[in-house]
Every structure is written in structure tokens, then in C-alpha cells.
Visitor: 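This is the structure, below, for whatever I ask next.
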Amino acid sequence: TFSLRGELMHAFISYRVATEGPGPAGNGIAEKLAAKIRSMSTDSSKHGDLQIPQHGWGIWPKSAKRPVPFRPEEAKVFLDKDCLQDGQRLAGFVQGLVVSIAFVPLLSWSEDDQGSLGELSRIGVDGFDRVDNVLLELILAMALREEPGAACQVLPVLVG
């Protein structure tokens with residue numbers, strides 16, 4: 001059963017590295033969103049009503065690395081580049097999602113059938129087949145919503 005006093009992530013951000021990730025290929029929106037969630041949860045002068053009460057801080061999951069810097073009172077945001085342990089790629093995603101309150105998939109589609117939705121739409125077409133982490137994470141999050149005692153809510157963000 002989920003507990004605000006146990007291991008938890010306040011948000012799990014799912015994104016396609018090629019379009020929403022860091023670096024020259026992506027637009028960096030996943031990192032910007034994670035930083036904004038963290039800052040909003042601790043800036044009482046601007047967002048006092050969004051601060052997380054101490055009984056809702058939870059414990060940082062043992063299966064995830066803490067981003068640096070990190071303060072206990074800020075929202076715990078799972079972003080793979082910050083939180084995945086070496087050698088724990090799939091297990092890290094699953095463990096991070098299982099303890100998340102909000103699953104936030106960043107969904108995008110550009111004219112050239114790129115972005116998270118563009119990539120998903122091509123699976124199975126003309127032999128295009130691969131393991132798609134965005135799809136796996138979405139399937140798992142939808143399944144978690146049905147589990148008794150689970151807290152995971154799916155909050156998609158459309159990126160244009």
C-alpha cells in the first residue's frame with residue numbers, strides 16, 4: 001500500500017530523449033519541467049500553496065540516485081538522466097514508477113512524424129519494430145492506476 005511516509009516520487013517524467021531530452025537533438029523540456037516542479041515546491045514566496053507539507057515529503061527511494069543538489073523538502077521528481085542507477089535501466093524505470101504519485105508523459109508530434117507520438121505511430125509499420133520505453137512506461141502507469149492502494153495518476157502534457 002502506498003504511503004506518504006514511505007518511499008515515493010512526487011512525479012515521474014517520461015519523455016523521448018531525441019525530442020524532449022537534453023543535448024543538441026532535444027529541446028530540454030523534460031529537465032526544465034523537473035526543475036520547475038522542484039523549485040515551485042520549495043519557493044514559499046511565490047508558490048506557498050504548492051509547498052509539500054512535511055508529512056508528504058516521503059523517503060527518497062533506495063533504487064534511485066538523488067539529483068545534486070537535492071533538498072528533502074522539495075518535490076521528488078524522477079528523471080531518468082538524474083535518477084537511474086548504473087546497470088538498472090529497466091528495473092530503475094519500473095521501481096521509480098511504482099512509487100510515483102504522478103506519471104507525467106511528455107507527448108509530442110512534429111510534421112515529420114517525430115516526437116514521442118510520431119515514434120509510437122511507426123511501430124509495426126514497414127517492419128519498424130523496437131522496444132519503446134515511452135510506451136512501456138505508459139502501459140505500466142495505466143496498469144498501476146488499477147492496483148488497489150496505488151497512488152499513480154496519469155497526467156499527460158502535450159508538447160508542441
Visitor: Only counting residues at least two apart or in another chain, list the ones meeting ring pair (Phe, Tyr, Trp, His ring centres under 6.0 Å) with F103.
Guide: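 Residues passing ring pair (Phe, Tyr, Trp, His ring centres under 6.0 Å) with F103: F12.
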Visitor: Applying side-chain hydrogen bond (donor to acceptor under 3.5 Å, both in side chains), name anything that partners K81, two or more places apart in sequence or on another chain.
Guide: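 K81: side-chain hydrogen bond (donor to acceptor under 3.5 Å, both in side chains) contacts with E31.
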Visitor: Report yes if some heavy atom in the side chain of E20 is under 4.5 Å from a heavy atom in the side chain of S108; otherwise report no.
Guide: yes
Visitor: Give, for atom CG of L136 and atom CZ of F93, the distance between the pair rounded to the nearest 0.5 Å.
Guide: 9.5 Å
Visitor: Given side chains that start at C-beta, do those of D82 and V77 come closer than 4.5 Å, heavy atoms only?
Guide: no
Visitor: Calculate, to the nearest 0.5 Å, the distance between atoms CG and CG belonging to N133 and L140 respectively.
Guide: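 Rounded to the nearest 0.5 Å, the CG-CG separation comes out at 11.5 Å.
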Visitor: Is any side-chain heavy atom of F78 less than 4.5 Å from a side-chain heavy atom of L97?
Guide: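 In short, these two side chains do not touch, never coming nearer than 4.5 Å.
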Visitor: Measuring only between side-chain heavy atoms, which start at C-beta, is W60 closer than 4.5 Å to L8?
Guide: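 When only atoms from C-beta onward are counted, L8 and W60 do not touch, as no gap falls below 4.5 Å.
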Visitor: What residues form a ring pair (Phe, Tyr, Trp, His ring centres under 6.0 Å) with W57, not counting sequence neighbours?
Guide: none
Visitor: If you measure from CD on E74 to OG on S39, what distance do you get to the nearest 0.5 Å?
Guide: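 With rounding to 0.5 Å, CD (E74) is 9.0 Å from OG (S39).
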Visitor: State which residues pass side chain to side chain contact (heavy atoms under 4.5 Å, CB included) with L107; sequence neighbours excluded, sorted by chain then number.
Guide: P105, S116, L117, P156, L158
Visitor: How long is the straight-line distance from NZ of K76 back to CD1 of I101, given to the nearest 0.5 Å?
Guide: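 If I round to the nearest 0.5 Å, the distance is 9.5 Å.
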Visitor: Shortest non-hydrogen contact from V134 to S14?
Guide: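 In terms of heavy atoms, the two residues are closest at CA-OG, 4.0 Å.
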Visitor: How long is the span from the CD1 atom in I139 to the CG atom in L144, to the nearest 0.5 Å?
Guide: 12.0 Å
Visitor: Enumerate the salt bridge (Lys or Arg N to Asp or Glu O under 4.0 Å) contacts for residues 57-69, please, sequence neighbours excluded, ordered by first and then second residue.
Guide: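 Every pair satisfying salt bridge (Lys or Arg N to Asp or Glu O under 4.0 Å) with a residue in residues 57-69: E7-K62.
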Visitor: Is a donor on one side and an acceptor on the other found under 3.5 Å between the side chain of H10 and the backbone of A75?
Guide: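 Checking the backbone N and O of A75 against the side chain of H10, no donor-acceptor pair under 3.5 Å is found.
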Visitor: Mind jotting down which residue pairs meet the salt bridge (Lys or Arg N to Asp or Glu O under 4.0 Å) criterion with at least one end in residues 143-160? Sequence neighbours excluded, please.
Guide: none
Visitor: Would V159 and N27 satisfy side chain to side chain contact (heavy atoms under 4.5 Å, CB included), going step by step from the backbone distance to the final call?
Guide: CA-CA 10 Å; V159 179; N27 61 16; 4.2 Å; yes
Visitor: Might you point out which heavy atoms bring C83 and M9 nearest each other, and give the distance in Å?
Guide: SG-CE, 4.1 Å
Visitor: Going by side chain to side chain contact (heavy atoms under 4.5 Å, CB included), name the residues that satisfy it together with A102, two or more places apart in sequence or in a different chain.
Guide: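 With neighbours one apart ignored, the set is V104, L155.
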